[in-house]
Every structure is written in C-alpha cells, then in structure tokens.
Participant: 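Below are the structure tokens for one structure; questions will follow.
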Amino acid sequence: SPITGGGQDSGMRGGTESFPLAAAFAAAISERTDADTRECAGRRMEETLRARFPTMRIPGEVAERVGGIHCLVFPTLAVRGVTGENLALSLAMAGLYASPGAACHSGTDEPSATLLAMGYPPETARAMIRLSFGHGVPETEYERAAEVIGACVERMLAVSATDSGL
C-alpha cells in the first residue's frame with residue numbers, strides 16, 4: 001500500500017480524513033476566491049473610471065493594497081474647488097456611500113497626511129474619496145459604483161464649469 005498507517009479499507013489507506021480540516025480548507029479556498037473576485041472587480045471599477053477621467057489618480061495603485069478599499073483622487077475637481085466632501089455628499093444622494101478622506105481623519109477637512117507625504121498638493125488631496133467593499137459584495141455593485149461615481153463627477157464638472165463661466 002502506498003499510504004501506510006491504519007488498516008482502513010482493508011489496508012488501502014492510512015486513516016480517516018479529518019472533516020474539520022477539510023471544512024477549514026474549503027473555507028480558505030472560498031475566502032481566497034472572494035478576495036480574488038473583489039480585487040478583479042475593484043480593478044475593473046478603477047479602469048472604468050480612469051477611462052472616463054484620465055487625470056484621476058489611485059494612490060498606491062502599483063503597490064499591494066487591501067482588497068475592497070479604493071482611494072480615488074480627482075484633480076480636475078480640485079482645480080474647480082470641489083472637495084471629496086462635496087463628491088461624497090453627491091454620491092450619498094445617489095445611494096452610494098463613500099468617505100471624503102482617510103478613516104483616521106473622519107470628521108475633519110484636513111487632507112490625508114499620507115497623500116501629502118506622497119507629494120499630492122493639499123487641494124488635490126482634499127479631492128479624494130475612499131470606498132470600502134466588504135466580503136461577498138457582488139461584482140455588479142462595483143459596476144454600479146463606477147456608473148454612479150462617473151455620473152456625479154461629470155455633473156460636478158459641468159456645474160463647476162458653468163458657475164465659473166468656463
């Protein structure tokens with residue numbers, strides 16, 4: 001017998017498989033699959049938005065990032081005086097909830113210290129939103145987020161251009 005051990009199945013196998021270990025392995029595979037799905041869906045959302053807004057920045061996009069968390073910076077809004085807070089409010093009215101800054105700066109209008117350290121000017125750093133997607137969020141939610149963000153940014157650009165006489 002190639003597997004030595006107990007005498008199960010007339011000496012054909014060495015022991016009884018551990019159900020808890022098999023279940024844990026299945027859960028780990030499922031978790032990894034969810035993480036891969038979130039990463040792919042998130043990248044597609046970012047690519048869709050970048051195609052619409054070529055100047056949009058994704059801080060740390062070439063680095064390994066936490067899955068499901070997306071930081072988006074819109075310099076074209078910043079030059080028109082539109083902040084991440086303005087964009088987050090517009091998104092909330094459309095049913096999409098985003099944070100206008102870093103989690104550690106919640107409730108302030110201070111730009112992200114991390115973005116400042118990365119070389120972003122304060123005005124540009126203030127034109128940032130952060131989105132968080134949890135485990136099990138369907139890919140269609142990422143697609144919807146791209147549509148809603150795109151529509152809100154375009155509307156804000158149009159309004160700010162009209163207001164400034166551009």
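Since the structure is predicted, the reported quantities are computational estimates derived from the model, not experimental observations. We count residues from 1, following the sequence as given.
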Participant: Of the non-hydrogen atoms in Ile69 and Ser132, which two are nearest, and what is the gap between them?
Facilitator: CG1-OG, 4.1 Å
Participant: Using every non-hydrogen atom in the two residues, find where Gly60 and Met118 come nearest and quote the distance to one decimal.
Facilitator: N-CE, 3.7 Å
Participant: Let me know which of Arg50, His70, Arg43 forms a side chain to side chain donor-acceptor pair (under 3.5 Å) with Glu61.
Facilitator: Arg50
Participant: I'd like to check Leu91 versus Tyr97 (side-chain heavy atoms, cut-off strictly below 4.5 Å). Are they in contact?
Facilitator: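 In short, these two side chains do not touch, never coming nearer than 4.5 Å.
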Participant: Apply side chain to side chain contact (heavy atoms under 4.5 Å, CB included) to the pair Thr124 and Val79, showing each step before the final yes or no.
Facilitator: CA-CA 8 Å; Thr124 303; Val79 297; over 6 Å; no
Participant: Any link between Met128 and Val82 through a network of hydrophobic side chains (Ile, Leu, Val, Met, Phe, Trp, Tyr) touching at under 4.5 Å?
Facilitator: no
Participant: Under the criterion side chain to side chain contact (heavy atoms under 4.5 Å, CB included), I'd like the reasoning laid out for Ile58 against Leu72: C-alpha separation, chi angles, the key distance, then a yes or no.
Facilitator: CA-CA 5 Å; Ile58 303 164; Leu72 309 174; 4.1 Å; yes
Participant: Would a 4.5 Å heavy-atom cut-off, applied to side chains only, mark Pro59 and Leu115 as touching?
Facilitator: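 In short, these two side chains touch, coming nearer than 4.5 Å.
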Participant: Kindly give the heavy-atom pair with the smallest separation between Ala88 and Ala98, and that separation in Å.
Facilitator: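 Smallest interatomic distance, heavy atoms only, reads CB-O, 3.7 Å.
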Participant: Using a 4.5 Å cut-off on heavy atoms from C-beta on, say whether the side chain of Met156 contacts that of Phe74.
Facilitator: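 The answer is no, as the side chains (C-beta and beyond) never meet within the 4.5 Å cut-off.
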Participant: Could you check whether Glu46 pairs with Arg65 (Lys NZ or Arg NE/NH1/NH2 to Asp/Glu carboxylate O, under 4.0 Å)?
Facilitator: yes
Participant: Which residue is it: Glu147, Glu154, Glu47? I am looking for the one with a salt bridge (charged side-chain N to carboxylate O under 4.0 Å, His left out) to Arg52.
Facilitator: Glu154
Participant: How many angstroms lie between atom CZ of Arg126 and atom OG1 of Thr83, to the nearest 0.5 angstrom?
Facilitator: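 Nearest 0.5 Å value for the CZ-OG1 distance: 9.0 Å.
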Participant: Spell out, yes or no, whether Met45 and Val73 are grouped together once hydrophobic residues are joined by side-chain heavy atoms under 4.5 Å, including indirect joins.
Facilitator: no
Participant: Give a yes or no on whether Ile129 and Tyr120 share a hydrophobic cluster (residues Ile, Leu, Val, Met, Phe, Trp, Tyr; joining criterion: side-chain heavy atoms under 4.5 Å apart).
Facilitator: no
Participant: Are the side chains of Tyr142 and Thr48 in touch, meaning some heavy atoms are under 4.5 Å apart?
Facilitator: no
Participant: For the residue pair Leu87 and Cys152, establish whether any side-chain heavy-atom pair is separated by less than 4.5 Å.
Facilitator: yes
Participant: Between Glu143 and Arg44, is there a side-chain N and carboxylate O pair less than 4.0 Å apart?
Facilitator: no
Participant: Can any side-chain N or O of Arg80 pair as donor or acceptor with the backbone N or O of Thr76 at less than 3.5 Å?
Facilitator: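 It does hold such a pair.
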Participant: Does the side chain of Leu116 come within less than 4.5 Å of Pro122's, by heavy atoms?
Facilitator: yes
